[in-house]
Amino acid sequence: MTAPTIPTRTLNDGATQPAIGFGTYLLNGSAGVGDMVSAIKVGYRLLDSAFNYENEGAVGEAIRQSGIPRAELRVTSKLPGRHQHFKEAIATVEESLYRAQLDYYDQYLIHWPNPSKGLYVEAWTALIEAQKKGLIRSIGVCNFLPEHLEKIIAETGVTPAVNQVELHPYFPQAEQRAFDKAHGILTQSWSPLGRASHMLQDPVLKTVATRVGKTIAQVILRWHVQLGAVPLPKATAAPRQTENLSVFDFELSPQDMEQIATLARPDGRTFGQDPATYEEF
Ligand SMILES: NC(=O)C1=CN([C@@H]2O[C@H](COP(=O)(O)OP(=O)(O)OC[C@H]3O[C@@H](n4cnc5c(N)ncnc54)[C@H](OP(=O)(O)O)[C@@H]3O)[C@@H](O)[C@H]2O)C=CC1
Ligand SMILES: O=C(O)C(=O)[C@@H](O)[C@H](O)C(=O)CO
């Protein structure tokens with residue numbers, strides 16, 4: 001089967017990435033490598049990893065086994081909360097590279113701001129330095145609220161290329177997306193399928209899916225694309241990986257988008273991880 005053609009998005013630093021990526025959280029060891037090789041073979045070109053996923057080595061191995069040239073792939077990793085001090089952050093980026101046996105990451109993101117520690121600006125200056133050293137092509141953040149973004153931009157003059165946040169129909173993040181857009185920051189969606197929560201059985205989404213002749217997962221992922229966000233779905237096996245990638249041959253109508261917009265919930269986060277208070281190390 002021919003791999004779907006995936007549009008390209010351009011970041012504020014001129015780098016490019018595909019309009020959809022592959023999530024790798026919980027894909028570890030040789031089984032994880034197999035799932036990632038499969039994802040690359042069916043057409044994914046962006047792999048989203050993190051130091052804390054303990055699978056950067058598996059990502060590097062999958063890239064080598066896939067036979068796809070490194071330059072055609074985009075690889076992301078993330079700085080954990082416990083290494084936000086400048087020197088530790090640089091050493092962690094280097095360790096991420098050693099683990100993956102890569103020369104550079106395309107994207108390296110601060111994983112969580114952990115505001116109570118007051119170190120995310122220092123971590124940001126470390127990523128700026130790591131980029132200057134050529135270890136990272138694009139630098140960005142995850143889970144940054146407008147107040148966190150304003151602070152790092154004001155204190156360093158450097159705007160992140162990417163902000164990766166929880167985003168799905170139950171938590172559509174309209175204000176955060178508008179803020180990111182206004183600052184030229186690309187929003188990436190984590191848990192774009194709500195980590196397979198009951199959202200995948202939602203009756204409204206089912207109605208839209210029936211109308212357009214696609215699966216609920218495809219409707220959700222197409223919704224992300226039409227919002228201008230880049231979804232990073234994780235799926236273990238090739239059929240779902242292909243299903244999730246096949247969202248560029250149909251469109252949701254304005255009425256479909258409006259119907260999905262009605263699903264937003266005041267606190268629609270799947271696991272209540274509000275970056276103002278939730279912290280990960
Ligand atoms: N920056 C951050 O703080 C965070 C980043 N992330 C990133 O985002 C990625 C995606 O988020 P994640 O939390 O994994 O959850 P997702 O929303 O991607 O959902 C993954 C779940 O959905 C199932 N699934 C996938 N496709 C389908 C389908 N077509 N039909 C039915 N079920 C499906 C998967 O099952 P199966 O695997 O069995 O196929 C899995 O259980 C992560 O892997 C990670 O890379 C995630 C959380 C936080
Ligand atoms: O997957 C990620 O990137 C995370 O940050 C996870 O730790 C996620 O938030 C989670 O599953 C916490 O239990």
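One-based numbering, in listed order, for ligands and for the atoms of each. Residue indices begin at 1 and follow the sequence shown.
Applying the 4.0 Å criterion to heavy atoms of Ala235 picks out, from ligand 1, the atoms 25 (C), 26 (N), 37 (O), 39 (O). Of all atoms in ligand 1, numbered sequentially from 1 with element shown, those under 4.0 Å from a heavy atom of His111 are 1 (N), 2 (C), 3 (O). With ligand atoms numbered from 1 in the order given, ligand 1 contributes 18 (O) to contacts under 4.0 Å with heavy atoms of Pro233. Every atom of ligand 1 is numbered from 1 in the order shown, and the set under 4.0 Å from a heavy atom of Gly23 is 9 (C), 42 (C), 43 (O), 45 (O). For ligand 1, the atoms lying closer than 4.0 Å to a non-hydrogen atom of Glu243 are 29 (N). Near Cys142, with a cut-off below 4.0 Å to any heavy atom, the atoms of ligand 1 are 1 (N). Atoms of ligand 1 found under 4.0 Å from any heavy atom of Leu200 (numbered from 1 in listed order, with element): 31 (C), 32 (N).
Of all the heavy atoms of Asn244, the ones lying under 4.0 Å from any atom of ligand 1 belong exclusively to the side chain. At a 4.0 Å heavy-atom cut-off, ligand 1 touches Lys78 through the side chain alone.
When the heavy-atom distances from atom 3 (O) of ligand 1 to Asn143, Leu109, Asp35, Thr270 are ranked, the shortest goes to Asn143. For atom 38 (O) of ligand 1, the candidate residues are Arg240, Gln241, Gln218, Gln164; the nearest heavy-atom contact is made by Arg240. Looking at Phe22, Tyr25, Tyr53 and measuring to atom 6 (N) of ligand 1, the nearest heavy atom belongs to Tyr53. Counting heavy atoms only, Ala196 comes closest to atom 41 (O) of ligand 1 of the residues Ala50, Gly194, Ala196, Ser189. With distances taken over non-hydrogen atoms, the option nearest atom 19 (O) of ligand 1 out of Gln188, Met199, Arg195 is Arg195. Of the candidates Ile110, Asn55, Leu232, Asp48, the one placing a heavy atom closest to atom 7 (C) of ligand 1 is Asp48.
Using cut-offs of 30° and 60° on the angle between ring planes, the pair Phe51 and His83 is perpendicular.
Closest to atom 8 (O) of ligand 1 among all protein heavy atoms lies Trp190 CB, 3.5 Å. Residue, atom and distance of the protein heavy atom nearest to atom 18 (O) of ligand 1 are Lys234 N, 2.9 Å. Residue, atom and distance of the protein heavy atom nearest to atom 17 (O) of ligand 1 are Leu193 N, 2.8 Å. Among protein heavy atoms, the minimum distance from atom 12 (P) of ligand 1 is reached at Ser191 OG, 3.6 Å.
Under the 3.5 Å distance criterion, with hydrogens and angles disregarded, no donor-acceptor pair is assigned to the side chains of Gln107 and Gln164. At a cut-off of 3.5 Å, with distance as the only test, no side-chain donor of Gln255 or Gln259 sits close to an acceptor on the other residue. His183 and Thr159 share no donor-acceptor pair across their side chains, judged by distance under 3.5 Å alone. In the model, Tyr278 has no side-chain atom that pairs as donor or acceptor with a side-chain atom of Asn143 under 3.5 Å.
The 12-atom threshold is exceeded at CZ of Phe250, counting heavy atoms of other residues, nucleotides or ligands nearer than 6.0 Å.
Taking 4.5 Å as the limit, some side-chain heavy atom of Thr92 sits within range of a side-chain heavy atom of Pro80. When side chains are defined from C-beta on, His111 does not count as touching Leu79, because their heavy atoms never get closer than 4.5 Å. Here the side chains of Gln173 and Phe171 are in contact, with some heavy-atom distance below 4.5 Å. Between His168 and Pro192, every side-chain heavy-atom pair lies at or beyond the 4.5 Å cut-off.
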Tell me, with the steps shown, if Thr76 and Tyr108 meet side chain to side chain donor-acceptor pair (under 3.5 Å).
CA-CA 6 Å; Thr76 300; Tyr108 207 91; over 6 Å; no
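On a distance-only criterion, Ala217 and ligand 1 share no N/O pair closer than 3.5 Å.
Protein residues with any heavy atom under 4.0 Å from ligand 2: Tyr25, Tyr53, His111, Trp112, Arg195, Gln273, Tyr278, Glu280.
Residue contact annotation: Glu280 has no non-hydrogen atom under 4.0 Å from ligand 1. Within the structure, ligand 1 has Trp112 among the residues with a heavy atom less than 4.0 angstrom away.
A salt bridge links Asp106 to Arg70: one of the charged nitrogens lies within less than 4.0 Å of a carboxylate oxygen. Ion pairing between Arg240 and Glu243 fails under the 4.0 Å rule for side-chain N and carboxylate O.
With a 6.0 Å cutoff to the six-membered ring centre and a 45° limit on the axis angle, Arg265 counts as a cation-pi contact of Tyr170.
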List the atom pairs, with distances to 0.1 Å, where a side-chain N or O of residues 19-35 and a protein N or O form a donor-acceptor pair under 3.5 Å, not counting sequence neighbours.
residue : atom : partner : partner atom : Å
Thr24   : OG1  : Asp48   : O            : 2.7
Thr24   : OG1  : Asn55   : ND2          : 3.1
Asn28   : ND2  : Tyr53   : O            : 2.8
Asn28   : ND2  : Glu54   : O            : 3.2

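Aromatic rings from Tyr120 and Phe144 are positioned such that their centres are separated by under 6.0 Å.
Of the listed residues (His148, Glu155, Glu147), just one forms a side chain to side chain donor-acceptor pair (under 3.5 Å) with Lys151, and that residue is Glu155.
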